[in-house]
Amino acid sequence: MSGGANKIVIDPVTRIEGHLKIEVELDHGKVVDAKTSGMLYRGLETICTGRDPRDAQHIMQRICGV
Amino acid sequence: MRKISRREFVRLCGMSTAGLGLMSVLGPQISQTLVEAAESKVPVIWIQASSCTGCSVSLLNSVEPGIATVLLDVISMRYHPNVMAASGELGMETMYKAADRYAGEFILVVEGGVPTAEKGRYCIIGDLNHKEITAVEAVKHLGSRAKLVVAAGQCASFGGIPAAQPNPTGVLGVDQILNPRPYPRKHTVVNISNCPIHPDHLIGSLVYILTYNELPELDQYYRPKLFYGPTIHDTCFRRPAFDEGVFAKQIGDYGCLANLGCKGFIARSDCQKRGWNNNVSWCIAAGVPCQACSEPIFPDGCSPLYGHMPVTGNRK
């Protein structure tokens, strides 16, 4: 809140599935930069490699339970 | 009437219960009852780590009791990322304050495995005071203050899918984080280990604990024997076909599903008795082999999921 520059960080964003972080940079009330970041990595593609192809849908369906 | 600022109002909403966020969708008129219920019910803090949210969705799908009953009559949900009103710093403050205020009283429910590689940075659950809080840090902090920790789901219990070979993010089950071997066990952890949880198992275990003020009898993997007793094989409705030697050759056939890859021989869960989705059906009734999703060896020890286990008629 000094010099007009301000950064707002919202982490976690709630009422969604998963982990999301929002960063907004303000300059005298105007948005000058905004970032969204996914805050979870599991490596499901790496996990799937080398498995029986019939297992792929069972592994990948666990990307999201919604 | 005293004027309150928007920030104060949001703080009020955040400080009451997480369930308020959901109740405004399900029934705004019962929000007041929820606020009153909040103070008298056991507080629950529900965090998600390397999860898919399937366990939370499964809980929300509970028919009897419905989610409204659970939030009003059974527990006071203090933090739940999918339904709570607060977000960001306010949300994280709410979580830490609830843990301090109800230390030794609240139940911590963890959904999802806990990644440990790169100091746990593969899962950040929030940002507080410009510091990113990793899942492993949150589990340890909250777990040490909780009365009881419930690992909701295969991933939180045993690592689950994200822990499958080659486990790129070093995912461990909650029990392995809080009670690492070879040190003596310090924290009470109850594993509800299906993928996703059966809502009856979680709600049933919580109600048992709240009613009798003690844990239900747990098996060697800390799962309640109430729900994880006999194997699927011993309770399966297709068992007479197995006993007769009638085996299904493809999905949809009558007969035992052993040759299609059923792992019911080693899986313990009461799926036959309880069914899924309010007993509409369950895997084997739908013609699909059991994948032993409740077992510690899932999925690698059960792979390939359609590959058949060795079956010996002489096995005792």
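Here is how names work: the chains are called A, B, and so on, in the same order as the sequence lines, proteins then strands, and each is numbered from 1.
For the set A/V9, A/V13, A/I22, A/L40, the entry with the most heavy-atom pairs within less than 4.5 Å of chain B is A/L40. Between chain B and the residues A/G43, A/C64, A/P12, A/G18, the largest count of heavy-atom pairs under 4.5 Å involves A/P12. Between chain A and the residues B/C195, B/A117, B/P299, the most heavy-atom pairs under 4.5 angstrom are made by B/C195. Between chain B and the options A/D52, A/L44, A/T14, heavy-atom pairs under 4.5 Å are most frequent for A/T14. For chain A, the option among B/P166, B/G91, B/G307, B/G160 with the highest count of heavy-atom pairs below 4.5 Å is B/P166. By number of non-hydrogen pairs under 4.5 angstrom with chain A, the leading residue of B/R121, B/E132, B/H130 is B/E132. Contact tally against chain A (heavy-atom pairs below 4.5 Å) for B/P81, B/G112, B/S56: the top residue is B/P81.
Contacts of B/A135 with chain A are absent, with no heavy-atom separation under 4.5 Å from either backbone or side chain. Both the backbone and the side chain of B/P304 have a heavy atom closer than 4.5 Å to some heavy atom of chain A.
To the nearest 0.5 Å, atoms SG (B/C155) and CZ (A/R42) are separated by 8.0 Å. Atom CG of B/L305 and atom CZ of A/R54 lie 9.0 Å apart (nearest 0.5 Å). Put simply, CZ on A/R62 and SG on B/C293 are 6.5 Å apart, with the number rounded to the nearest 0.5 Å. The structure places CD1 of A/I63 at 10.0 Å from SG of B/C52, a figure rounded to the nearest 0.5 Å. Here B/Y122 contributes atom OH and A/H19 contributes atom NE2; the two are 15.5 Å apart, rounded to the nearest 0.5 Å. Atom CD of B/E89 and atom CD1 of A/I8 lie 11.5 Å apart (nearest 0.5 Å).
Heavy-atom contacts from other residues, nucleotides or ligands closer than 6.0 Å to CD of A/E45 number 12 or fewer.
At a threshold of 4.5 Å between non-hydrogen side-chain atoms, the residues B/Y306 and A/H58 count as touching. Between B/D300 and A/R51 the shortest side-chain heavy-atom distance falls below 4.5 Å. Counting only heavy atoms from C-beta outward, the side chains of A/I47 and B/P168 approach each other to under 4.5 Å. Taking 4.5 Å as the limit, every side-chain heavy atom of B/C123 sits out of range of all side-chain heavy atoms of A/M39. Residues A/R15 and B/M84 fail the side-chain proximity criterion, which asks for heavy atoms closer than 4.5 Å.
Each of B/I133, B/I124, B/L128 was evaluated against A/D11; a single residue qualifies, B/I124, per the side chain to side chain contact (heavy atoms under 4.5 Å, CB included) test.
The minimum heavy-atom distance linking A/E17 with B/N82 is given by the pair CA-ND2, 4.1 Å.
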